[in-house]
Structures are given as structure tokens and as C-alpha cells.
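To keep things clear, I will list the structure first and then write my remarks on it.
The residues of the chain are indexed from 1 along the displayed sequence. Reckoned from all heavy atoms, side chains included, excluding hydrogens, waters and symmetry mates. Atoms within each ligand, like the ligands themselves, are counted from 1 in listed order.
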Amino acid sequence: MTLFDRPILAIESSCDETSAAVVHHRSVLSNIVASQIDMHRKWGGVVPEAAARAHVEAILPVISEALTTANLNQSQIGAIAVTNRPGLVGALSVGATAAKAMAYSLGIPLIGIHHLEGHILSTQSLADPPGFPHVCLVVSGGHTELVEVTEPGIYTIIGQTRDDAAGEAFDKGSRLLGLGYPGGLAIQNAAKTGNPERYALPKGLSGDTVDFSFSGLKTAVLRLTEKEGSNINVSDAAASLQEVIVAVLTERAMRAMERLGNSTLTLVGGVAANLALRERMEQACLRNNYRFASPPIDLCTDNAAMIGIAASFRLAKGECSGWDLDVFPNADL
Ligand code: KG4
Ligand code: ZN
């Protein structure tokens, strides 16, 4: 068995989750995620310096748990993959340093992976993975992008947000409604009993576009809370906010599919964990005879398994990084 046939250990620490996973030929043998959410909750959002320190504490136990769960020891690993861009520099550095040290000491290849490529290829872990080319809607805390995925490694951004990401719209809306951080799940839970038609909120851009704009939504929720004061029905407001985000994402994704003449849509990233969004997108695809694919919830939010899957494609092509691998806060796909 060559090094490239062996399982890959993957590490992800770009924001507020410390994660390590073992992936073998796209199948996920383990995927451990230590979340810092409880710590950041008291500050209402991610504090970069605190995130980096928490990664330092969690990284080695998380790596060891990933290996134990996969029933492997270090010597059975063939390569180490790590998210090296984009993200919080201090947070990324912790993962990259651990990855380099391990790969160097074990004498195995190291590969730096773009976080969004991990999200995009997360659907390749499915038993019946979507083929190529396909269209991918990446929706996370920092990104809202419609991407044409020609093949692994060849991506064309065809639509994107002009301001806030969809996840930010959930997070900021949640904070304004007093539902706390992180906002996506809090809004989803509050929306369960709410009336999505109660409050009219703006959809942002109009016309024949595949771009997004969510900043007006945040302002509209602020105005709503000022106008309604203590009379506001938080469940109805959460349902109305979720409805507008879901409607806009679905409408733009369907338009992109039509423009590109493609018949497979994938939905990935933290916001893809939203059940209302998954259901609406699936129904829209069904109506249009498109194949719809989205990873299980634990592979939507940040995780190292998706980094390992992306790495398996790159390593198979003979790519790897040097020992001078650096981290980057911003990076194009
Ligand atoms: O991909 P991700 O874990 O981290 C980034 O790369 O940004 O995405 C995090 C985002 C947050 O904005 C969070 O509120 C959102 O995903 N999110 C959700 C849900 N779960 C997480 N948004 C809507 N509904 C959810 N159930
Ligand atoms: Zn992410």
C-alpha cells in the first residue's frame, strides 16, 4: 500500500471549532469536533485571541480522539491535511503548526486546503455522491456563494453576496431578537412555532440576478425591534427572518441552475444545516427535475472530515504542500 492509499488525518481550526478527522477514500472513519461556542456565547460572537488559545488546548486531544475512534495509530496515516485559508490567522496557525509538526515527524506528505473547497466537496462523502459538473450553493457564517464545480479543483463563482453572508444574517438577526449566539440554530428553533408571514422583511436585490444582499435584512430587523418594542412576537419574527433567507437562497439557486443548464445542485456550509432551507431547496429541485444533495448536518457545520475529503482529491493528483506552508486570513477559492 503506497502512502496515498492510506487514510488521511485532517485538521480544521479556522474559526471556533477544533476538529480532526480520519478519511479514507472519501469515507469518514472519524470526525471529532470540539466546539468553543459556549465560551464565545458570553461575548456574543467569536473573539479571535480566545479562539486561538482554545484551539491550542484542544488540538492534541482532538487529534488523538480522531485516531482512536478510527482505530488507527499515527504510523498508519498516509498524509496530513489542514485548513490553511481563509480564517482567523491565530486559529489557522494552531492547526497548521500541529499538522506540520506531525507530518514532518512521521515523514508523510502535508497538504493545505481551502476551507470552502472542504465545504464544496463535503457532498462527496455521500454513499451516492453528486457527479461533476454540478452547481454548489455554499452558505456559511462568512460566505454565500453559488459555485459551478466543473470537477474537484476547478471552481467558478457565478453569484455571491455583495455584503453580509447568509449565516451573518441569521447571527445578527438572532442577536437583535435576543436569541443569542450562534444565531442559525436559535432562529430555527424559535421559528418552529412562529408565523413566517407575520412580519414583512426585505429580500435585498431584485431583478434577474444570482447575487445576494443581506445587509438590509439586518437593518429591517433592527427597525422591527425598535417599532414593536416589547410587543414583538419573537417566534413570528424568527420565522419571518428564516423565511426570507430561505426564499432568497432558493430563488437564486434555481436561477443559477437554469442559467447554467445544470441538473445537480448541492447545498453545503453551516447554514445548510437549516432544516427549512434543506426542505425548500429539495422541493424546488424535485419540481424542476434536478438532483439535490446535501451532506449530513454534522458535515455542514465546520468539521475536519470535509478537509480530508478535499485533500484526498488533491493528493490523488499528486499535489502536496511544502514545509513552508503558510496561513492566510483571506484567499480566493
Ligand atoms: O460553515 P460554518 O460552520 O462556519 C463558517 O465557515 O462560517 O457556518 C457557521 C454559520 C453560522 O452563521 C451559523 O449561525 C450558521 O452557520 N448555522 C445555521 C444553522 N446551524 C448553523 N444557520 C441556520 N440554521 C441552522 N440550523
Ligand atoms: Zn465553514
Checklist entry - Any side-chain donor paired with an acceptor under 3.5 Å for S312 and R26? => result no
Just go through [options] and tell me whose heavy atom is the nearest to [atom].
| atom | options | result |
| --- | --- | --- |
| atom 5 (C) of ligand 1 | L275, D302, V139, V246 | D302 |
| atom 20 (N) of ligand 1 | G270, G173, A272, A191 | G270 |
| atom 10 (C) of ligand 1 | G141, S174, G184 | G141 |

Checklist entry - Can you tell me if H143 has a non-hydrogen atom under 4.0 Å from ligand 1? => result no
Next on the checklist: So is G142 touching ligand 1 or not, going by heavy atoms under 4.0 Å?
Outcome noted: yes
Going by distance only, is there an N or O of [X] that falls short of 3.5 Å from an N or O of ligand 1?
| X | result |
| --- | --- |
| H119 | yes |
| G269 | no |
| P182 | no |

Checklist entry - Using a heavy-atom cut-off of under 4.0 Å, does the side chain or the backbone of D171 touch ligand 1, or both, or neither? => result side chain
Checklist entry - Checking only N/O/S atoms, does H143 have one that is under 2.8 Å from the Zn ion (ligand 2)? => result no
Next on the checklist: Let me check your reading of the structure: within less than 2.8 Å of the Zn ion (ligand 2), is there an N/O/S atom from H115?
Outcome noted: yes
